Amino acid sequence: MTQSDTKRILVLNGPNLNLLGMREPGHYGTATLADINDLMQQHGKTMALDVDFRQSNLEGELVNWIQEARNNFQAIIINAGAYTHTSVAIRDALLAIDLPIVEVHLSNLYKREEFRHKSYISDIAQGVICGFGGRGYLMALDAMQDILSE
Ligand code: DQA
């Protein structure tokens, strides 16, 4: 396998996802973000995917990383946390770079408060995975591998 066969995927996590493991385990489970990222890294390797991870509590930082992804990555997996339900800026940045997107949420948004049912990302993503806890990120990686090899 050559270097050029390797696809680069940016995994973005938004606000409060740095607290996974201790934050509302009934909704988000007990695995930390580092645990999830390790599993993704390992899983990515088996599919020749080079996976890079970033987390921020700041909307503008997420926007900057999305803009920078245009030249450095082939795809984005994003859990924008609460910004999912509020951020036109993140939506616009994702539209601007025109890379395939898979949206992930640990919890099943549709079993929760109504304000979580609205996502500014879902209709511009290739697909959405929610309600499967940390495993959803691995499912997103599988989905992205299929999308990139189509
Ligand atoms: C979340 C769901 C959001 O509504 C919430 O604000 C989060 C986490 C999830 O992964 O289930 O921070 O994106």
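Ligands are counted one by one from 1 in listed order, and the atoms in each one are counted from 1 as well. Since we're looking at a predicted model, the values are computed, not measured. Note: hydrogens, waters and symmetry copies are ignored here, and every other heavy atom, side chains too, is used.
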In this structure, atom 5 (C) of ligand 1 is nearest to the protein heavy atom Arg116 NH1, 3.3 Å

protein heavy-atom neighbour closest to atom 11 (O) of ligand 1 works out as Ser107 OG, 2.6 Å

If the cut-off is 4.0 Å to any non-hydrogen atom of Leu109, which atoms of ligand 1 fall inside it? 2 (C), 4 (O)

Over 60° means perpendicular and under 30° means parallel, so tell me whether Phe115 and His85 are parallel, tilted or perpendicular. perpendicular

Tyr120 six-ring face occupied by Lys118 cation (under 6.0 Å, within 45°): yes

With heavy atoms and a 4.0 Å threshold, my read on which part of His27 contacts ligand 1 is neither

Within-4.5 Å side-chain heavy-atom neighbours: Leu106 and His27: no

Given that the side chain starts at C-beta and the backbone is N, CA, C, O, which of these parts of Asn79 lies under 4.0 Å from ligand 1, counting heavy atoms, or is it both or neither? side chain

Per-atom contacts of ligand 1 with His85, taking only distances under 4.0 Å to non-hydrogen atoms: 3 (C), 4 (O)

Any Tyr83 side-chain heavy atom under 4.5 Å of Leu62 side chain: yes

Considering only heavy atoms from C-beta outward, does the side chain of Thr6 approach that of Leu49 to under 4.5 Å? no

Output for pair (Arg8 CZ, Asn71 CG), nearest 0.5 Å, gives 11.5 Å

For Asn13 and Tyr137: C-alpha separation, side-chain torsions, deciding distance, then whether side-chain hydrogen bond (donor to acceptor under 3.5 Å, both in side chains) applies. CA-CA 11 Å; Asn13 280 287; Tyr137 288 87; 2.6 Å; yes

Look at atom 10 (O) of ligand 1 and find which of Leu19, Val104, Leu106 reaches it with the closest heavy atom. Leu106

For ligand 1, indicate whether the residue Arg23 contacts it via side chain, backbone, both or neither (heavy-atom separation under 4.0 Å). side chain

Atom 1 (C) of ligand 1 has as its nearest protein heavy atom His105 ND1, 3.7 Å

